[in-house]
Protein chains: 2
Amino acid sequence: MTTTARGLHARVLDALGPAITAGEYPPGCVLRTDELAQRFEVSRSVMREAVRVLESMHLVASRRRVGVTVRPAAEWDVYDPQVIRWRLAGRDRPRQLRSLTVLRSAVEPVAAGLAARRASAGQCAELTECALGMVATSRGHQLEAYLVHDIAFHRIVLNASGNEMFARLGDVVAEVLAGRTHHQVMFADPDPAAVTLHVQVAAAIREGDGARAEELTREITVGALHELDVLAP
Amino acid sequence: MTTTARGLHARVLDALGPAITAGEYPPGCVLRTDELAQRFEVSRSVMREAVRVLESMHLVASRRRVGVTVRPAAEWDVYDPQVIRWRLAGRDRPRQLRSLTVLRSAVEPVAAGLAARRASAGQCAELTECALGMVATSRGHQLEAYLVHDIAFHRIVLNASGNEMFARLGDVVAEVLAGRTHHQVMFADPDPAAVTLHVQVAAAIREGDGARAEELTREITVGALHELDVLAP
DNA sequence: GTGAGATAAAAGTCTGACTTTTTGGGTCTG
DNA sequence: CAGACCCAAAAAGTCAGACTTTTATCTCAC
């Protein structure tokens, strides 16, 4: 997972990005390229490339004679996969997990509704297979296997919606589901009701019942939100 | 709007980004940094910075001995505001507008529902003011003034939802609304039903009626989708 | 045909010099 | 004392050139 040799600038980013998103540099804080280059022991060219990327994510703004200033969190490109990963790895992971789950609760039901009208036969088959896989691994502490099926299930729904914006959220949903499994109820088996709902969603999509697929998926995401309410303050 | 002097690398991006997102360079197409630098008459350093940014948007991948290869559209960071802008300016603007409108139809109702529970008194006041502004400019071909209020309205709702992911979609919604006004029904006045709905949404949020705010907003976005269906193939 | 090694192409890195913009202060004037 | 103006320095921005590293491909012996 951790590629240690994909370029100096990437390594600098892996250090600076998390630090900034974690709030180690407060908004308005001014950095200087040369100083950073020295700190990370890279040339100015490399440092400049890293700053450019940070700038394209709206994490910082670079202005002549003043330096590289950290922008307030409200301006960050919160949908950038890298920014999401950095924030999920950092201090306010819970808040991040919550806002992403709320996003899921808005998007996934609509995506499921669309999928019911547009999913191909192959996608329906995959979906059913995933649901069955979830059932099969839902008991006996097979959480990792369950997670794999769960992620695949939601990814297929998002792809089958035929909307590119929805499809691109597959990675985000994967992160959220993985985060939930790895940081909360590692001990308990998944909620049986949720498992059943997934099976029913697969059926509804297979049968082309968009309204039902949407409603059932809404139940799933409401459940996920409720789970967060219970387990996190 | 068009800042012509915010750095050479930005100007290169403004040329390359739209070209790539427009599909002028097919996926898998290989570019070379040096060649590009010559073509745009900039130094390699500047070109490299531009390529880095393109790479961070997943528009291209840079590999040694191979070059800079254009990635397939499915891998692009479709939520990057700059990518959105480039695509909206390009060939498949209609498709882009549609997928963004579908996204709106998923997000905005949920955002409105949340806003009803979390909007501050100030936000409620602003919202009401916007709605009244929409009413006032809804007749007599004052489309530009109407658009300003419309954008402000939706932005406030998204912000008032208290969810950072929703809030960040304010710019996207603004682009969509502006696109609609400027490229479709420039001649006709806004749909009176939509205007009424906005007033009602503002009222529902003011009264803290989340369910009603959500349902009304759903009607607004369904209307927007339907409008697209009617006016675009 | 297959595997090992040579080759070269392209990205990656570093350095140093130069340019441009911007800010903050100092000065001059009213 | 206030305000306009100018100057100098600071930092980003740009450029050119040399060097390193990776890696796809080609060659050649087996």
Side-chain angles (χ1 to χ4, degrees), chain A residues 1-17 19-20 25-72 75-76 82, chain B residues 1-17 19-20 25-72 75-76 82:
Chain A
M1 202 62 163
T2 44
T3 31
T4 30
R6 62 196 204 292
L8 278 186
H9 87 103
R11 244 178 294 173
V12 171
L13 275 178
D14 281 342
L16 252 189
I20 293 175
Y25 303 91
C29 175
V30 174
L31 312 167
R32 259 141 306 143
T33 311
D34 294 21
E35 188 181 292
L36 290 172
Q38 275 189 22
R39 171 130 54 96
F40 290 106
E41 296 177 303
V42 296
S43 67
R44 292 194 307 289
S45 343
V46 168
M47 197 60 225
R48 284 181 53 75
E49 288 172 25
V51 168
R52 277 280 171 274
V53 173
L54 255 21
E55 194 181 32
S56 89
M57 297 167 172
H58 292 88
L59 259 47
V60 303
S62 175
R63 272 163 51 219
R64 272 176 158 143
R65 164 65 211 236
V66 44
V68 178
T69 67
V70 178
R71 307 180 68 163
E75 295 174 9
W76 297 347
Q82 196 149 33
Chain B
M1 204 62 164
T2 42
T3 34
T4 30
R6 63 198 203 290
L8 278 187
H9 88 103
R11 243 178 294 172
V12 172
L13 275 178
D14 281 342
L16 253 190
I20 293 175
Y25 303 91
C29 175
V30 174
L31 311 168
R32 259 141 305 146
T33 311
D34 294 23
E35 189 181 293
L36 289 172
Q38 275 189 22
R39 169 130 55 97
F40 291 105
E41 296 177 303
V42 296
S43 68
R44 291 195 309 287
S45 342
V46 168
M47 198 60 226
R48 285 182 52 75
E49 287 172 27
V51 168
R52 277 280 170 275
V53 174
L54 255 20
E55 194 180 33
S56 89
M57 297 167 171
H58 292 88
L59 259 47
V60 303
S62 175
R63 272 162 51 220
R64 271 177 157 140
R65 164 65 211 237
V66 170
V68 177
T69 66
V70 178
R71 304 179 71 164
E75 295 174 11
W76 297 347
Q82 197 149 32

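Every chain is numbered from 1 and lettered A, B, ... according to where its sequence line falls, protein lines coming before strand lines. Since this is a predicted model, take the numbers as computed values, not measurements.
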J.: If you round to the nearest 0.5 Å, how far is CD1 of B:Ile20 from CG of B:Leu13?
T.: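 Between B:Leu13 CG and B:Ile20 CD1, I get 9.0 Å after rounding to 0.5 Å.
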J.: Excluding sequence neighbours, so at least two apart, what forms side-chain contact (heavy atoms from CB on, under 4.5 Å) with A:Ala61?
T.: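 Residues passing side-chain contact (heavy atoms from CB on, under 4.5 Å) with A:Ala61: A:Thr69, A:Arg71.
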J.: With a 4.0 Å heavy-atom cut-off, tell me which residues in residues 29-42 of chain A come close to DNA chain D, sorted by residue number.
T.: A:Leu31, A:Arg32, A:Thr33, A:Asp34
J.: Figure out the NE2/P separation between A:His9 and C:dT13, and round it to whole Å.
T.: 7 Å
J.: For the atom pair CG (A:Leu54) and OG (A:Ser62), what is the distance rounded to the nearest 0.5 Å?
T.: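 Atom-to-atom, A:Leu54:CG and A:Ser62:OG are 10.5 Å apart.
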J.: At the 4.0 Å heavy-atom cut-off to chain A, mark where contacts on DNA chain D begin and end, going 5' to 3'.
T.: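 Taking any atom under 4.0 Å from a heavy atom of chain A, the span is D:dA9 to D:dT14.
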J.: Do any of residues 47-64 of chain B sit with a heavy atom less than 4.0 Å from DNA chain C, and if so which?
T.: B:Arg48, B:Arg52, B:Ser62, B:Arg63, B:Arg64
J.: Would you please name every residue forming a side-chain contact (heavy atoms from CB on, under 4.5 Å) with B:Pro72, sequence neighbours left out?
T.: B:Pro27, B:Glu75
J.: Between B:Val70 and B:Pro26, what is the shortest heavy-atom contact and its length?
T.: CB-O, 3.7 Å
J.: Looking at every heavy atom in both A:Gln82 and A:Asp14, which two are closest together, and how far apart are they?
T.: NE2-OD1, 4.2 Å
J.: All N/O contacts under 3.5 Å from nucleotides 16-18 of chain C to the protein, with atom names and distances to one decimal?
T.:
| unit_1 | atom_1 | unit_2 | atom_2 | d |
| --- | --- | --- | --- | --- |
| C:dG16 | N7 | A:Arg44 | NH2 | 2.9 |
| C:dA17 | N6 | A:Arg44 | NH2 | 3.4 |

J.: Can you list the residues that meet the salt bridge (charged side-chain N to carboxylate O under 4.0 Å, His left out) rule with A:Arg32, with sequence neighbours excluded?
T.: A:Glu35
J.: Report each atom pair, protein N/O against N/O of nucleotides 3-8 of chain C, whose distance is under 3.5 angstrom.
T.:
| unit_1 | atom_1 | unit_2 | atom_2 | d |
| --- | --- | --- | --- | --- |
| C:dA8 | N3 | B:Arg65 | NH1 | 3.3 |

J.: Would you please name every residue forming a side-chain hydrogen bond (donor to acceptor under 3.5 Å, both in side chains) with A:Glu55, sequence neighbours left out?
T.: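 Once residues adjacent in sequence are excluded, the partners of A:Glu55 under the side-chain hydrogen bond (donor to acceptor under 3.5 Å, both in side chains) criterion are A:Arg52.
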J.: Shortest non-hydrogen contact from A:Val66 to A:Val30?
T.: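 What the structure gives for the nearest pair is O-CG1, 3.3 Å.
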J.: Measure the CZ-CD distance between A:Arg44 and A:Gln38 for me, rounded to the nearest 0.5 Å.
T.: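 Between A:Arg44 CZ and A:Gln38 CD, I get 10.0 Å after rounding to 0.5 Å.
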J.: With heavy-atom distances below 4.5 Å as the criterion, would you say the side chains of A:Ser56 and B:Ser56 are in contact?
T.: yes
J.: Which pairs with one or both residues in residues 58-70 of chain B pass salt bridge (charged side-chain N to carboxylate O under 4.0 Å, His left out), sequence neighbours excluded?
T.: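 Counting only pairs at least two positions apart or across chains, no salt bridge (charged side-chain N to carboxylate O under 4.0 Å, His left out) contact touches residues 58-70 of chain B.
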J.: Under the salt bridge (charged side-chain N to carboxylate O under 4.0 Å, His left out) rule, collect the residues that match up with B:Arg48, sequence neighbours excluded.
T.: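 Partners of B:Arg48 under the salt bridge (charged side-chain N to carboxylate O under 4.0 Å, His left out) test: A:Glu49.
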J.: With sequence neighbours excluded, what pairs up with B:Leu36 under the side-chain contact (heavy atoms from CB on, under 4.5 Å) test?
T.: B:Leu16, B:Leu31, B:Arg39, B:Phe40, B:Met47
